[in-house]
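First the structure, in the form of structure tokens, and then the observations on it.
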2 protein chains.
Amino acid sequence: MARRPGAFECGTEAAMELIDGKWKVSILWALSEGVRRFGALRRMLPGITEKVLASHLREMEADGLVRREVFDVVPPHVEYALTPRGLSLNEALEPLGVWGERHVLGQVEDALR
Amino acid sequence: MARRPGAFECGTEAAMELIDGKWKVSILWALSEGVRRFGALRRMLPGITEKVLASHLREMEADGLVRREVFDVVPPHVEYALTPRGLSLNEALEPLGVWGERHVLGQVEDALR
DNA sequence: CCGTATCCCCACGGATACTG
DNA sequence: CAGTATCCGTGGGGATACGG
């Protein structure tokens, strides 16, 4: 989706642009568990391609959500971690997650009223 | 965006599928102010086309977020309103909106740390 | 191990015109 | 007023191969 701003110049739209990318929320979740290396992330996200993982990480880094740390050794060693900003975004997403569990994953009786 | 489920079968991904569509959050907001007619929505969402508004509304209806009520008169009269489910989704989105206002719209000092 | 570099597909949304 | 009906362009993401 190219989620350019819709009608309202609201915070929700603005925030959603930062998680616009098929795997970004998953990456946020994966990193919320702690620092991870590229290969570890790839393994945590079955189905993602290296190209997409790399480009998503670059964008999230540019958006200040993720910090990338390179250790200059052989073989290469790179670590990814959430910034405070990324961590707080993940927390702001939690009510949505709760809603989804309750209203989508667990079928609730008032589903279609 | 085709936001099919990512790595985690989590509520966040599930919820985000329901607001996957460029204008859906805006529609949610517009309807959170009260019942609206098709033409009124179109006017509240400058830039949206009739085709997209109609298809988004139908998807949201199928997802149980919106209720459509037809009055059989001439000229046609159709009203759209949020269901309890749509209303609660909108509420679950609020923390994200607050985060966006604080961390994106209003530039915050710890933006890139 | 950690990525680029290409090529390609197709779903989504925009534009436009038309109708009960 | 409240929508269909078409056609079309775009770009994000998948597949694959290769490189430091």
Side-chain angles (χ1 to χ4, degrees), chain A residues 1-8 13 16-28 30-31 35-63 65-81, chain B residues 1-8 13 16-28 30-31 34-63 66-81:
Chain A
M1 147 178 49
R3 186 183 293 280
R4 279 172 296 272
F8 301 94
E13 302 272 4
M16 292 193 64
E17 283 186 50
L18 302 189
I19 49 175
D20 186 11
K22 187 176 171 185
W23 298 85
K24 284 192 181 173
V25 172
S26 296
I27 293 173
L28 227 45
L31 288 180
V35 175
R36 289 292 183 271
R37 300 180 58 177
F38 188 89
L41 286 174
R42 195 180 37 186
R43 264 172 270 117
M44 294 175 79
L45 274 25
I48 198 172
T49 63
E50 299 177 328
K51 171 198 163 190
V52 171
L53 177 56
S55 71
H56 278 191
L57 284 170
R58 292 290 110 66
E59 290 177 15
M60 295 172 78
E61 191 189 2
D63 288 333
L65 302 176
V66 163
R67 180 172 37 230
R68 179 173 183 264
E69 192 168 2
V70 182
F71 298 83
D72 199 0
V73 294
V74 247
H77 183 120
V78 180
E79 286 181 356
Y80 293 92
Chain B
M1 152 185 17
R3 186 185 292 282
R4 280 171 296 272
F8 301 94
E13 302 273 4
M16 292 192 64
E17 283 186 49
L18 302 191
I19 48 174
D20 187 11
K22 187 176 172 186
W23 298 86
K24 284 192 181 173
V25 172
S26 296
I27 294 174
L28 228 45
L31 288 181
V35 175
R36 291 290 183 273
R37 301 180 59 175
F38 188 88
L41 286 173
R42 194 181 36 186
R43 266 173 267 116
M44 293 175 79
L45 274 25
I48 198 173
T49 63
E50 298 177 329
K51 172 198 164 190
V52 171
L53 177 55
S55 70
H56 278 191
L57 283 170
R58 241 164 282 112
E59 289 177 16
M60 295 172 79
E61 191 188 2
D63 288 333
V66 163
R67 180 175 35 231
R68 179 172 183 268
E69 191 169 2
V70 181
F71 298 83
D72 200 0
V73 294
V74 250
H77 183 120
V78 180
E79 286 182 356
Y80 293 92

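Residue numbers start from 1 in every chain, and the chains themselves are labelled A, B, ... in the order their sequence lines are given, proteins ahead of strands.
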Return the value, rounded to whole Å, for the distance between atom CG of L41(B) and atom P of dA2(D).
-> 9 Å
Start at the 5' end of DNA chain D and walk down; is the nucleotide closest to A54(B) or to R43(B) reached first?
-> R43(B)
Base dG14(D) paired with K51(A) side chain (donor-acceptor, <3.5 Å) = yes
Among the nucleotides dC1(D), dC2(C), dG3(D), which one has an atom lying closest to any side-chain atom of R37(B)?
-> dC1(D)
Does some side-chain heavy atom of I27(A) sit less than 4.5 Å from a side-chain heavy atom of L65(A)?
-> no
Inter-end axis angle, the helix from dC1(C)-dG20(D) to dG20(C)-dC1(D), with every axis fitted to five base pairs (rounded, 10 degrees) | 50°
Side-chain heavy atoms of M60(A) within contact of L28(A), under 4.5 Å | yes
Set of side chain to side chain contact (heavy atoms under 4.5 Å, CB included) partners for V70(B), sequence neighbours left out | R68(B), V78(B)
Presence of R58(B) side-chain N/O under 4.0 Å of dA2(D) phosphate oxygens OP1/OP2 | no
Any side-chain N or O of H56(A) under 4.0 Å from OP1/OP2 of dG13(D)?
-> yes
Find out whether L57(B) and L41(B) are in side-chain contact, i.e. whether some heavy atom of one side chain is under 4.5 Å from a heavy atom of the other.
-> yes
What nitrogen or oxygen pairs link the protein and nucleotides 18-20 of chain D at under 3.5 Å?
none

Are M16(B) and V25(A) close enough that some pair of their side-chain heavy atoms sits under 4.5 Å apart?
-> yes
How are the rings of F38(A) and Y80(A) set relative to one another: parallel (under 30°), tilted (30 to 60°) or perpendicular (over 60°)?
-> tilted
Side-chain N or O of Y80(B) less than 4.0 angstrom from OP1 or OP2 on dG3(D)?
-> yes
Scan for side chain to side chain donor-acceptor pair (under 3.5 Å) pairs involving residues 38-52 of chain B, sequence neighbours excluded, and state none if there are none.
-> R42(B)-E50(B)
Measure from the side chain of F38(A), starting at C-beta and using heavy atoms only, and say which of dG3(D), dG14(C), dC2(C) lies closest.
-> dC2(C)
Can you list every salt bridge (Lys or Arg N to Asp or Glu O under 4.0 Å) pair that touches residues 69-80 of chain B, not counting sequence neighbours?
-> none
Separation of atom CG in D72(B) from atom C1' in dC1(D), rounded to whole Å = 13 Å
Set of side-chain hydrogen bond (donor to acceptor under 3.5 Å, both in side chains) partners for R58(B), sequence neighbours left out = none
